[in-house]
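Whatever order the structure lists them in is the order used to number ligands and atoms, beginning at 1. Just the heavy atoms: all of them, side chains too, but no hydrogens, waters or symmetry mates, feed the values below.
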Amino acid sequence: MTALTAPAPRAGLREIPAYVSPQLECRARLNTNECPVDLPAAFHADLAEAIRLVPLNRYPDGQMAELRTALAGRHSHPFEGVWTANGSNEILTQLLQAYGGHGRQAIMFEPTYLLYSRLCRLTETRPIQLRLKPPFKLGAHDVAGALGLHPNVIFVCSPNNPTGNTQPLVDIEQLARAAPAALIVVDEAYIDFGGQSALPLVAEHPNIAVVRTFSKAFSMAGARIGYVLTSPGVVEDLQRVRLPYHLSALSQTAGLAALRHMDDALGLLEGIRAQRDRIVEALTAIEGCTVFPSQANFVLFVPPRPAADVWQGLLDRGVLVRDMTAVVPEALRVSAGTAEEIDLFLAALTEVLTSGPAPMPTPAPTAGDDR
Ligand SMILES: *Cc1c(COP(=O)(O)O)cnc(C)c1O
């Protein structure tokens, strides 16, 4: 360990672990909820041509006007209430830079996306992690509890990662109505796979920010593009915290190309949902396996054997899933991949559960053994 010598970082930094998500070589990478197939060749040809025409000697459009206009059109939302950044993770960071920070606090309903508490720490916002019990649905009681804590920011993830369930719009609206000075961040990274969007609430509640991404249903995780649909006032505040020209001309061009080919991405959704439902059905049929119903493109489950062993057993067979035991005891999360990838996953899981080492055997008492 030579890394931890001088210079000394700011207080608390070294209590934050480095962000790592294993990107191991394997036959089926089902750990990060990406779309399992890339966009078709026609999209890539269009993108290459568009990028060829970008004047890279110039700074990009700092207002990202073309991309924001296209998104405003897609969602029938006012241009002034649309803002884009490098992945929705940067959107979340900018929202916390504007509405969180030192002396302020953000509520999140656990188990949920790990980035919320992490980004709170990085922006010196105090994270308040309220816990929901299975089936992890918000209710009037949770809403009242959150409001009583006078938060500055409230995160609601719907469909929720890693549990897959959606949150009722009535509760989101109640949060927005009862805490008009707080920002209600509704993370809809998985909304194209299922659930009802909170977007119609924005017109009446300027303190709701609906966060979307190109990383999942748009099949563009590699491009790092996210956006927020909110009121013009929130976007004005984001203009104050953003870095100059934060979204490169290459990213803006890629986002526009993706929107031109949106039908290609949307055409993949049905197949992905079908694989998700197939995973739920297959896991439900396994004795002792707990499966959480999902509206997203992944499924959370508790296998009937120790999760760490199952995770390793799957990896030994070329299938990488996400270990979620830190947020839900003994739980693993599997992304809905292609039919072939899910074939592999289910075959590997059956093998692990039937031929893996038996669960801790209880030694049979033997006569004369007094230890
Ligand atoms: C994957 C995911 C995102 C996407 O983040 P990007 O930075 O846009 O890639 C956002 N929110 C949740 C809950 C996610 O699971």
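- With contacts defined as side-chain heavy-atom distances shorter than 4.5 Å, the pair Glu110/Met108 qualifies.
- Heavy-atom distances between Cys157 and ligand 1 reach below 4.0 Å in at least one pair.
- Comparing Phe155, Tyr227, Tyr190, Phe214 against atom 15 (O) of ligand 1, the shortest heavy-atom distance belongs to Tyr190.
- Per-residue contacts place Ser215 under 4.0 angstrom from the following atoms of ligand 1 (heavy atoms of the residue considered): 6 (P), 8 (O), 9 (O).
- Put simply, the residue from Leu96, Val156, Leu95 that forms a side chain to side chain contact (heavy atoms under 4.5 Å, CB included) with Val185 is Leu95.
- Side-chain atoms of Gln196 and Thr166 include no donor-acceptor pair closer than 3.5 Å.
- Within the structure, ring pair (Phe, Tyr, Trp, His ring centres under 6.0 Å) pairs that include any residue of residues 89-131 comprise Tyr113-Tyr116, Tyr116-Phe155 (at least two apart or interchain).
- Considering backbone and side-chain atoms alike, Ser88 places an N or O below 3.5 Å from some N or O of ligand 1.
- Inclusion of Thr213 in the set of residues having an N or O under 3.5 Å from an N or O of ligand 1 is warranted.
- Residue Tyr59 is found in a hydrophobic cluster whose other members, listed by chain and number, are Tyr245; membership requires side-chain heavy atoms under 4.5 Å apart, directly or through intermediates.
- For atom 7 (O) of ligand 1, the nearest protein heavy atom (residue, atom name, distance) is Arg224 NH2, 2.8 Å.
- Here Ala189 has side-chain heavy atoms under 4.0 Å from ligand 1, and that is the only part of it that gets that close.
- Using cut-offs of 30° and 60° on the angle between ring planes, the pair Phe298 and Tyr190 is perpendicular.
- For Arg10, the CZ atom is densely surrounded, since the number of other residues' heavy atoms within 6.0 Å is greater than 12.
- Contact annotation for Asp187 and ligand 1: only side-chain heavy atoms (C-beta onward) come within less than 4.0 Å of the ligand.
- For atom 14 (C) of ligand 1, the closest heavy atom belonging to the protein is Lys216 NZ, 3.2 Å.
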